[in-house]
Protein chains: 2
Amino acid sequence: MATIYDVAKLAKVSPMTVSRVINQKGAISESTKLKVEKAIEELNYIPNISARSLISKSTKIISLLITDISNPFFTKVARGAEDKAMQLGYQVIFSNSDEDVEKESRYIQMLLESRVDGVLMAPSGDHSKKNVQKLIQNRIPFVILDREIEGLPSDIVLGNSHEGTRKLMDHLIIQGHKKIALINGPSYISTARERKQAYMESLQFAGIQIDESLLFETDYKQQTENNITDKLLELPSHQKPTAIFAANNFIAANMMKKLTERGIDVPNDVAFVCFDDFDSFSNLHSFLTVAAQPAYDLGYMGVQMLVDKIEGNSNLDNRRIVLPPEIKIRQSSTRYKNE
Amino acid sequence: MATIYDVAKLAKVSPMTVSRVINQKGAISESTKLKVEKAIEELNYIPNISARSLISKSTKIISLLITDISNPFFTKVARGAEDKAMQLGYQVIFSNSDEDVEKESRYIQMLLESRVDGVLMAPSGDHSKKNVQKLIQNRIPFVILDREIEGLPSDIVLGNSHEGTRKLMDHLIIQGHKKIALINGPSYISTARERKQAYMESLQFAGIQIDESLLFETDYKQQTENNITDKLLELPSHQKPTAIFAANNFIAANMMKKLTERGIDVPNDVAFVCFDDFDSFSNLHSFLTVAAQPAYDLGYMGVQMLVDKIEGNSNLDNRRIVLPPEIKIRQSSTRYKNE
DNA sequence: CTGTTAGCGCCTTCAC
DNA sequence: GTGAAGGCGCTAACAG
C-alpha cells in the first residue's frame with residue numbers, strides 16, 4: 001500500500017507537502033496541490049489512520065458497549081448511535097456485555113488497547129462501577145446510557161423511568177385497578193429502582209395499599225425464564241392482580257407468552273402494560289400499552305454528547321439528558337373503556 | 001498513558017525486554033519477567049494497538065458492513081458475528097449501508113483508512129461490485145454475506161434461497177394453491193433472483209401456468225411503502241391470488257399490515273408465507289409460515305471464514321457456505337389443513 | 001509556500 | 001537472556 005513517501009516521490013514534492021494537501025492545512029499553491037492530488041489518485045493512496053493516531057492520539061473510533069444488540073431497544077440505540085457517529089466522522093465498535101460485568105470488563109480492556117476516542121456505554125448494573133472507573137483512570141471520555149450507576153455521577157443520556165411509570169400506573173389506576181403486579185428488573189439496575197419507586201409513589205398517591213406479594217424481581221434478559229406467572233395465578237383470588245406492569249419488553253414478552261399458554265386473556269382477564277416498545281412489525285407492538293423510550297434518540301444524542309466531550313466543545317461535567325417516554329395506550333390495558 | 005519505555009525504566013530493563021514479556025516471545029528469565037509484570041501492573045500500562053499496527057499491519061478489527069442493523073435478520077447476523085469475533089480476539093466495527101451503494105462506498109473508504117483486517121459484507125446489490133473491487137485492489141480479505149454479486153465469485157456465506165423458496169412453494173401447492181403472488185425484492189439482489197427462479201420452477205414443476213400479473217417487485221427496506229396490496233385486491237376475481245409469497249420479512253410485515261387494514265383475513269381469505277423469521281416476541285413470529293434463515297450462524301460462520309482468511313489458515317478461494325433455511329409451518333398458510 | 005528534522009509507541013533485526 | 005539501532009507512516013515544529 002502506498003505511503004505519503006510514494007506520493008511525494010511521484011509528485012516530486014516532500015512528504016510534508018503531501019500531508020498538508022491531505023489535511024488541508026497550511027497554504028499550498030494550486031499547482032502543487034493538483035500535482036499531489038494526481039499522484040494520490042494514481043497510486044490509490046489511502047492514509048493510514050494508525051500512523052496518524054500515534055501522533056494525534058485520536059482514532060476516530062468510538063465504542064458502543066451495550067448489553068445485547070438483539071434487544072430491539074438497543075438495536076435502535078445502535079442505529080441512532082451509528083448514524084450520528086457517521087455524520088461526525090467516527091466509526092463505531094460495538095460489544096455485547098450480556099449484562100455480565102466480567103464480560104464488560106474484558107471489553108473495556110480491549111477498548112483501552114484500541115485507544116478508542118470515547119465510550120458510549122449502557123452499564124450492566126451498579127457493579128459496573130469498577131469498569132467505568134477504569135475509563136476515568138485512563139481519561140477516556142465516556143457517556144453513560146440508559147442506566148445510572150449508583151454513586152457515580154457522569155454525563156448520561158437516559159429515558160425518564162419515573163415519568164413513564166407514573167403515567168402507565170395512573171392510566172391503570174384511573175381505570176379502577178388496585179391490584180397491580182410489578183414484574184421488575186434487578187434492583188442493582190437504576191431503571192428498575194426508579195420504576196419501583198414510581199410504582200410505589202403512584203399507589204400511595206392514589207391511597208392504595210401496597211401488597212408485597214405483587215412485587216417480583218427478575219432480570220432484563222431475553223433468555224430468562226421465570227415462573228412468576230405461575231406464582232401470580234396461585235394467589236388467592238382476593239389478592240390476584242387485575243393488572244400487570246412489566247418493567248421492560250423482554251419481561252413483557254415472556255409473560256405474555258406464559259399468559260397465553262395458561263389461557264389467560266389480556267385484557268379481559270388481566271390488563272397489561274410495560275416499559276419499552278416493540279418492533280413495528282411485532283403484533284405486541286400494536287397490542288400492548290407501553291411507555292416507549294426514544295431509543296434511536298438516546299443513541300443519537302449519546303454520540304452527540306460523547307463527541308462534544310471528545311472534541312472539547314463542552315467543558316460541562318455531568319450533563320444529563322433525560323428524554324421523556326411516549327405513552328402508547330393500546331388494547332392490552334383498555335378493557336374497562338371498551339366495555 | 002504509560003509506554004513500554006516507562007515500564008522499562010521502572011523495571012530497570014530495556015524496552016525490548018518489556019515487549020518480549022508482553023508478547024511472550026523469546027526466552028526471558030523468570031525473575032525479569034516478574035519485575036516487568038510488576039511494573040506493568042503498577043503503571044497500569046496498556047499496549048497501544050495503533051503503534052503495534054504500524055509494524056504488524058494488523059489492527060484486530062474487522063468490519064461488518066450490512067444494510068441495516070434494525071432488520072432483525074441483520075441484528076442476529078451482527079450478534080453472531082460479534083460473538084465469534086470476540087472469541088477470536090477481534091473487535092467489530094459496524095456500518096449500515098441502507099441498501100445505498102454510495103453510502104456503502106463511503107464506508108469502504110473509511111474502512112480502508114482504518115486498516116481493518118477484513119470485511120464481512122452484505123452487499124447492497126450487484127452494483128456493489130465496484131466497492132468490493134476496491135477491497136480486492138487493496139488486498140483486504142473479505143467475505144460476502146447473504147447476497148452474491150453477479151459476476152464476482154468470492155468467499156461467501158449465505159442462506160439457501162432456492163431450497164427455502166421451493167419448500168414454501170411446495171407447501172402452498174400441495175394445499176391446492178395455484179394462484180400464488182410473489183412479492184419480490186429488487187432483481188439486482190441475488191436472493192431476489194434466486195427466489196424468483198425457484199418460484200417459477202415450483203410452478204412449472206407442478207404444471208401451473210405462470211401469471212405475470214401476480215409478480216411484483218419492491219425493495220427489501222423497512223421503510224418502503226408500496227401499493228401492491230391494492231393492486232392485488234383490484235385484480236378480477238379469477239386472477240386474485242389465494243396465496244402470497246413475500247420475499248423477505250420487511251415486505252411481509254408491510255403487506256400483513258395492509259391486509260389487516262383492508263380487512264383481509266390471513267389465512268382464511270388468503271394464505272401467506274415469507275422468507276426470514278421474526279423476533280421471537282413478535283406475534284408474526286408465531287403466526288406466519290416462514291423460511292427462517294440461520295442468521296446468527298451466518299454471522300458466526302462468516303467471521304470464522306473471514307478470520308481464517310486473515311490469518312492465512314485457509315488458502316482456498318471462493319469458499320461457499322450455504323446454510324439451509326428452516327421451514328416453519330404456522331397458521332398463516334394452513335387454512336386448508338385446519339378446516 | 002515548501003522542506004527538514006525529529007519523534008509518536010512499538011517491534012524486527014542484529015549484536016552481545 | 002538481554003540490549004541498541006532503526007524504521008513502520010505520519011505530522012508538529014521549525015527553517016528557509
Side-chain angles (χ1 to χ4, degrees), chain A residues 1-40 43-61 110-117 138-140, chain B residues 1-40 43-61 110-117 138-140:
Chain A
M1 244 183 187
T3 73
I4 43 168
Y5 284 88
D6 302 320
V7 175
K9 198 180 290 175
L10 185 61
K12 299 199 174 70
V13 296
S14 78
M16 200 50 231
T17 302
V18 176
S19 173
R20 280 192 268 254
V21 171
I22 295 162
N23 300 293
Q24 312 184 47
K25 273 188 184 171
I28 305 138
S29 75
E30 194 60 23
S31 64
T32 59
K33 191 180 162 192
L34 285 174
K35 270 196 304 185
V36 170
E37 281 169 349
K38 189 157 156 275
I40 286 175
L43 292 171
N44 179 35
Y45 166 78
I46 295 164
N48 183 326
I49 299 255
S50 290
R52 187 177 288 167
S53 298
L54 251 194
I55 302 167
S56 70
K57 312 292 184 205
S58 154
T59 51
K60 289 287 183 179
I61 295 176
M110 290 176 85
L111 298 175
L112 291 172
E113 296 185 2
S114 310
R115 299 294 194 274
V116 296
D117 289 347
N138 288 285
R139 292 169 214 284
I140 308 294
Chain B
M1 244 183 187
T3 72
I4 44 170
Y5 284 87
D6 302 321
V7 176
K9 200 180 290 176
L10 185 61
K12 298 200 173 75
V13 295
S14 77
M16 201 48 236
T17 302
V18 177
S19 172
R20 279 192 269 256
V21 171
I22 296 162
N23 300 294
Q24 312 184 45
K25 272 187 183 171
I28 306 138
S29 76
E30 195 60 22
S31 64
T32 58
K33 189 178 161 193
L34 285 174
K35 269 196 305 185
V36 170
E37 281 168 348
K38 187 155 157 279
I40 286 175
L43 292 172
N44 179 35
Y45 166 78
I46 295 164
N48 183 326
I49 299 253
S50 291
R52 188 177 286 167
S53 299
L54 253 193
I55 300 165
S56 70
K57 312 292 184 204
S58 154
T59 51
K60 289 289 185 179
I61 295 176
M110 290 175 86
L111 299 174
L112 291 171
E113 296 185 1
S114 310
R115 299 294 192 271
V116 296
D117 289 347
N138 287 287
R139 294 168 211 285
I140 309 294

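By convention in this document, chain letters (A, B, ...) are assigned in the order of the sequence lines, proteins followed by strands, and residues within each chain are numbered from 1.
- The phosphate of dG3(C) has neither OP1 nor OP2 within less than 4.0 Å of any side-chain N or O from Y5(A).
- Regarding L54(B), its CG atom lies at a distance of 14 Å from the C1' atom of dG6(D), rounded to whole Å.
- For K57(A), a side-chain nitrogen or oxygen approaches OP1 or OP2 of dG9(C) to under 4.0 Å.
- Which of dG3(D), dC10(D), dG3(C) sits closest to the side chain of V13(B) comes down to dG3(D).
- Counting only N and O atoms by type, the side chains of T17(B) and S14(B) include a donor and acceptor under 3.5 Å apart.
- Note: NZ (K60(A)) to P (dT11(D)) measures 13 Å, nearest angstrom.
- With distances taken from any side-chain atom of M16(A) to the nucleotides dC10(D), dG1(D), dT11(D), the minimum falls on dT11(D).
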*Just do the side-chain hydrogen bond (donor to acceptor under 3.5 Å, both in side chains) check on S31(B) and S29(B) with the steps written out, would you?*
CA-CA 5 Å; S31(B) 64; S29(B) 76; 3.2 Å; yes

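- In this structure, the CD1 atom of I46(A) is 11 Å from the P atom of dC10(D), given to the nearest Å.
- Within the 4.0 angstrom heavy-atom criterion, base atoms lie near I55(A).
- Contact check, T17(A) against dG3(C): a side-chain N or O comes under 4.0 Å of OP1 or OP2.
- R115(A) is not listed as a side-chain neighbour of I49(B), based on a closest heavy-atom distance of 4.5 Å or more.
- One atom, CD of E113(A), and another, P of dC10(C), lie 11 Å apart when rounded to the nearest Å.
- Straight-line distance from the CZ atom of R20(A) to the P atom of dC1(C): 11 Å, rounded to whole Å.
- Ranked by how close their nearest DNA chain D nucleotide is to the 5' end, S14(B) and A51(B) are led by S14(B).
- For the pair I49(B) CD1 and dC8(C) C1', the interatomic distance rounds to 16 Å; values are reported in whole Å.
- Using a 4.0 Å heavy-atom cutoff across all strands shown, T32(B) reaches sugar-phosphate atoms only and no base atom.
- A close approach under 4.0 Å does occur between a side-chain nitrogen or oxygen of N23(A) and OP1 or OP2 of dT11(D).
- In this structure, K25(A) reaches the dA12(D) phosphate: one of its side-chain N or O atoms is under 4.0 Å from OP1 or OP2.
- The minimum heavy-atom distance linking N23(B) with R52(B) is given by the pair OD1-NH2, 3.8 Å.
- Between the CZ atom of R115(A) and the P atom of dC8(C) there is a distance of 14 Å, given to the nearest Å.
- Phosphate contact (OP1/OP2 of dT2(C), side-chain N/O of S29(A), threshold under 4.0 Å): present.
- Within 4.0 Å (heavy atoms only), P15(B) reaches no atom of the nucleic acid at all.
- Using modelled atom types, no side-chain atom of S114(B) and backbone atom of V116(B) make a donor-acceptor pair closer than 3.5 Å.
- Counting any heavy atom pair closer than 4.0 Å across all strands shown, I4(A) reaches a base atom.
- Distance Q24(A) CD to dT11(D) P: 12 Å, rounded to the nearest Å.
- In this model, the phosphate group of dG9(D) is not approached by any side-chain N or O of T3(A) to a distance below 4.0 Å at OP1 or OP2.
- Separating the CG atom in N48(B) from the OG1 atom in T3(B) is a distance of 9.5 Å, to the nearest 0.5 Å.
- Phosphate contact (OP1/OP2 of dC11(C), side-chain N/O of R52(B), threshold under 4.0 Å): present.
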